[in-house]
**Student:** 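Starting off with a structure, shown below.
None of these values were measured; they are calculated from a predicted model.
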Amino acid sequence: MAEHKEPVIVGFLCNWCAYAGADLAGVSRLQYPPNMRAIRVMCSGMVHPNLVVEALEKGADGVLVLG
Amino acid sequence: MTKVTVAEEWLNACAGCEIAILNVGDVLVDLLVNNLDFVHIPVILDKKYFGQTGEEEHLSIPEAVVGIVSGGVRNEEHKEVLLEMRKKCQILIALGTCATDGGIPAMINMYSDEELKQFYYKDSLTTDPAEYPTEHIPPLLDQCYALDELVKVDLYLPGCPPHPDWIAGAVLALLEGKTEYRMPEKSVCDSCPTIRESKKGLADIKRMLSAPEFDPEKPLDEMRCLLEQGFLCLGPVTGVGCGGHKGAPRCISARVPCRGCYGPVRKGAKPLVDYMGALASVGFDPNKMPDRRGYLARFSGAHGTLKRPVRR
Amino acid sequence: MNIELLTLAEVEGISGREGNFNVKVRQKSRIIDMDKCIACNLCAEKCPKKVPDEFNEGLDKRKSAYIKYGQTVPLKYAIEKETCIFFVKGGNKGKKGKGKCRACEKYCPTGAIDLDQDFQDEIKEISVGSVILTPGFKPFDPSAFDTYAYTQFKDVVTSMEYERLLSSNGPCMGHLTRPSDGQEPKKIAWLQCVGSRNINKCDNGYCSSVCCMYAIKQSMVTAEHTTGDTDQAIFYMDIRTHGKEFDKYFEQAKENGVRFVQSRIHTVYPGQDGCGVKVEYFNDQTGERVKEEFDLLVLSVGLENSKSSVDLAEVLGVELDKYKFAESSSFAPSATNVPGIYASGCYQGPKDIPQSVTDASCAAASASISLSSQRGTLTQERTFPPEKEVAGEEPRVGVFVCSCGINIAGTIDVNELVEYSKSLPNVVMVENNLFSCSQDTQVMLKDKIQEHNLNRVVVAACTPRTHEPLFRETMKDAGLNEYLFEMANIRNQNSWVHGKEPEKALDKARDQVRMAVVKASMLQPLEHLSVNVNQSALVVGGGLSGMVSALGLADQGYETILLEKADKLGGNAWNLASTWRGEQIKPYLEDLISRVENHSSIKVYKNAQLKTNKGAVGDFVSEIEVNGEKKAIKYGIAVVCTGGQEHKPQEYLYGQDERVFTHLEFDREMSEHAPALDKAKGAVFIQCVGSREPDRPYCSRVCCTHTMHSAIKLKKANPKMPVYVLYRDIRTYGAREDLYKEARELGVVFIQYDLDNKPRVSKDGDDLVVMARDHILYRDVEIRPSYLVLASAVVPTEHKNLVELYKCGLNSEGFLQEAHAKLRPVDMSVDGMFLAGLCHYPKPVDECIAQAQAAVSRASTILSRSVMPLDSIKSFVTENCDGCAICVDTCPYGAIGLTDYDVEGVQHKKIETNKALCKGCGICEATCPKQGVFVHGFTNEQLRAQVHAALENV
């Protein structure tokens, strides 16, 4: 096992705002840590609380719902 | 024709499930004549685990094709009996919500064994303080388990108690040579005929003991959904079946909200999260519910659903 | 596909006439080939020439090779010839290579830059039927105002500059600092009306309408861009928050501690050490002179037309008003003096976003009436081969990893990623492309799909938001359902943002591809949905807005039903004398009614009411009751124009004394008993009666202007008559400010009051006595007028019935809710429903007409086609649904209904979703406690699988 484990964050990104924002961060070359794994959703209101719980159960260090 | 042998055991249980077996009634009587042979059912037939005079060293349960176990697993004895049942029976049925999901006793999973002993033997107002007995009682496990946390379970028949329809259905299915029998994976709402209009305005929640609005002269399908009346009816997150194959839900027929005795709608479902998520969507503030966890997982505290709060 | 963008273009001339214009356009060269540019930013990165960034108000620098900002459309870079080193030094003229540099050309990975071409301006002749002018506005330049020391002190900035300072893509990345020393300002002042309501140092006598609101917004959001507490003060003359929900925002700002000082800063001195400013003004409560220091002074500059916009008017022969805005009339708000040429937005005068968007749709409607016979003749559509059946097949996923030149490959080891992708389940082929989006790659993609019999495709490249449509077209070209496609965003959300951590970027890319493959494997072909559109319309409400909508729809060629609950058309307009511009309403109204009643495509039902509604966009079915008889109607869209009424006051002796009037009653009194004006002892107007009160916390928008109109009329009829206006803030926005000025010049006396000190009205014998506290004298003033006119609120019609029928939304004051306050001001959240007029918010005649015409334009986007394609990403009901109906109320589009069904004699329930109404937002999916409803392409299982894939190595 590695001594220092990189935290993994699962992100649910609304297609219309947060996902677009993440794209724009790219266009603007803003640098941020590479720990988030984005899942695109059509609305942050689509994210069932169970998905958040499940991500944490499966070992995510954090969950972001952005929208 | 040879009869199918059946062994029945009760663990952390109240015997309600066994009464449900008897409530299968005429069908059971008919089956007992030609088809079924209960070789072991300590609730009804005397049985000594270690030989008639206690001469044997190991727990013994006769071999059987079908094993039925009610109750969850709370102590070492339950565990030993369960393991023996699994060993001796080809098909193992978990009967009742205690066996499938922990049931009422699994609410203890919110507390440690030490807290339990402290409360029941010392702190409880109606108790004369006493020491926890150390002899002649099996040691407790760390929590209350559902059967399938310790052994493989082939058939699940939840309910508190299970409706005889499903017990009969399962037995008949097995006799027909089927190896699978599944309860429908729908919620109590599927069998509930009450009127649904709008779930808005749920912000105002009524206590369980207050009476809903209904006309006792009128049938259930002319009463408004109890959730819509402001009661935290657990129907939407509870498995269907308390009314049997075709009947309406029992509690709701008695004009009281569902308390969730059939456990989750399907294996792996999280009624606690599901219910809070759903109610939050219609504007209910989850913080308004006292003892949220105990209320929503009253019958399904096993499988790690109810845990001791992490003390920080 | 049906909009052609001509960027870097200017209109040089126009000939012809309405229906057949010939427009001469000069288009400058972008230098960069649009077809090849992939917006990778390399040219800008390598370009050595820095120039002030005009988008950031010159507060920082950009390169000569640039895009103006990240969201530009089209997202293609350009080279500015005027500053580019290569072109400044002579370009490619004469001896080759005379212009040096060529860095962009050298580094461009796609060969989009070839500096050896001949870059001439291109002259285009465009043949069109109508022209719409929307050149926008220019913020006022305060350099001429020496009192505000804008050019002297660095920490005096314009509101536009401040906006950029706050912006996360502005010069200080959204962490507010002041220009002088780069420190965070802790105390900020705004000065309103700089370059507006001013004919002293400039000629802008009008109110710019938007500055109060933007200053309040800036003060409110400043907290998000600073640390700790900031002190904010807004120096104003009148706060003009007359838009929908605006006044509540103003109250919110006061609660948040923003200081509103009704005083003008008259002098600005330098702050300590050359930072910040010291300002001098008179305290609005005590009248004392105050000196106060601020870290930053923001000048809330007004809006005006730029010189090039004025020149454009000259080229086209369009007349401008005295403030150099395009002349328009209340009854044809988007028309100019030249038939066939229309204008919208701030070219016509200062406007906020909702009004600009409304006016834009209004102009589109007006411009398309003359073209309606030719509708659809120039539109283009693509055709595709029949779709292959893949439903039962095992997934065969093809993964295409894009290098994007070096945009991805420069950070992420694409070879490694390709090898990794080959190891994933269901993946049968993996390829690396230099540019996955290029035209030749599309051909290759199609071949690979056929060669490997792929039934799912993953492209690991840039963002689906820009490129998914392209690849979906390719899927269709290859005979696959377009929804069997998934992208892994390894550029915008990986290589571009993790450039310094290539190892971790590769790890992330692996996860991204794995998540995409897992999802792709679970994707199912989706049905192409459409609705047959009943190309006819229903308009509810036969007032001005309703009639304009109906007439507009009918003129566009659609059969239209107009419902009016009363026995005659016209509604409130019968009570109005003239518009704020002075145009007489009655003749217009009579003409409008006769055109509506005689139009062959309009069916008018009076004494009619809507009873039921079934169906959805494109296909509504309703029952109406006309004169007590029921009747079924069918329509594709509906425009709701149910109007509003004048509030009947319950204060100021209204209803108890015949000398107390509302505005509309007083208009009638003036026209019926005009001679009495001569003998009148005086008139008092009380503003905000029933508006801007806790019970009705909105501004009724029209009353200040109405009061000016009436007051001027009184003064003109009898100059000796004393006329008083008791007001809170005068809100004569735009050029209506001229009326305020005229009233003051005619001697109307204005006395300000506030909610704690409202005027008192009583009777003394026969006299009507109005007591008010003068805000300058600080003494009570007694007035004994002959007329007391109450500027009473506009209240909405009762909408309960409509809300029930269509599930449309109301705001807390009972006005109908639009789909988006700024961007969709005439659409309702229910598809196929539009709104106009007072049912939306109080507004004057010209704005009602504009909104009604805008509704026509919005409705045409649905009615113009007989079949309306729908997106396939919709909710669907699974077998788990058992009708608990919790989701029904959570659907914001009213797309979910409950239905009964029978199994072996037992009744069960489940929900049904309406595909036309559903927008695929999935709130139902997140609500359902039993997985009974999902959204295609985003099912709970698919999202779960992605979660699991993301965490596979944890």
Side-chain angles (χ1 to χ4, degrees), chain B residues 184-203 219-221 224-228 232-241 243-249 252 258 260 264-284 296, chain C residues 800 803-810 812 875 877-913 921-935 940-941 943-945 947-948:
Chain B
E185 293 194 338
K186 289 203 168 180
S187 82
V188 170
C189 303
D190 192 46
S191 64
C192 179
T194 56
I195 301 162
R196 273 79 126 178
E197 282 169 3
S198 166
K199 300 266 187 310
K200 274 184 199 157
L202 254 184
L220 207 51
D221 61 6
R224 183 150 179 219
C225 165
L226 290 175
L227 184 56
E228 297 184 359
L232 291 173
C233 174
L234 289 186
V237 289
T238 302
V240 68
H245 282 146
K246 285 186 174 179
I252 292 159
C258 169
V265 175
R266 70 181 65 77
K267 271 221 98 32
K270 295 183 170 68
L272 214 156
V273 185
D274 286 335
Y275 198 63
M276 282 293 90
L279 289 200
S281 290
V282 284
F284 174 66
L296 294 173
Chain C
K800 201 163 157 266
V803 171
E804 271 166 23
L805 290 182
Y806 293 102
K807 302 246 163 35
C808 45
L810 294 183
S812 50
S875 60
V877 184
T878 76
E879 56 182 18
N880 293 329
C881 174
D882 48 35
C884 69
I886 299 179
C887 57
V888 173
D889 287 326
T890 64
C891 177
Y893 308 105
I896 304 178
L898 194 62
T899 166
D900 287 321
Y901 67 103
D902 187 295
V903 180
E904 297 173 15
V906 181
Q907 283 288 309
H908 296 270
K909 292 180 167 66
K910 63 173 185 171
I911 57 160
E912 272 180 335
T913 62
C921 73
I923 289 174
C924 50
E925 179 173 329
T927 297
C928 180
K930 45 205 142 192
Q931 310 201 351
V933 57
F934 288 156
V935 172
N940 201 270
E941 284 126 359
L943 297 178
R944 274 182 70 201
V947 170
H948 289 208

**Student:** To the nearest 0.5 angstrom, please state how far the CG atom of D274(B) sits from the OG1 atom of T238(B).
**Tutor:** 10.5 Å
**Student:** Calculate, to the nearest 0.5 Å, the distance between atoms CG and CG belonging to L272(B) and L234(B) respectively.
**Tutor:** 10.0 Å
**Student:** So which of R266(B), E185(B), E197(B) has the biggest tally of heavy-atom pairs under 4.5 Å with chain C?
**Tutor:** R266(B)
**Student:** Given that the side chain runs from C-beta out, which part of E879(C) has a heavy atom under 4.5 Å from chain B: side chain, backbone, both or neither?
**Tutor:** backbone
**Student:** Name the region of V888(C), side chain, backbone, both or neither, that has any atom closer than 4.5 Å to a heavy atom of chain B.
**Tutor:** neither
**Student:** When only pairs under 4.5 Å are counted, which of C887(C), C884(C), C881(C) shares the most heavy-atom pairs with chain B?
**Tutor:** C884(C)
**Student:** Can you tell me how far CG of D882(C) sits from NZ of K930(C), rounded to the nearest 0.5 angstrom?
**Tutor:** 3.5 Å
**Student:** Heavy-atom distances under 4.5 Å only: say whether P236(B) touches chain C with side chain, backbone, both or neither.
**Tutor:** both
**Student:** Find the distance between CD (Q931(C)) and CD (E925(C)) and round it off to the nearest 0.5 Å.
**Tutor:** 8.5 Å
**Student:** Distance check, rounded to the nearest 0.5 Å: Y275(B) atom OH versus I886(C) atom CD1?
**Tutor:** 6.5 Å
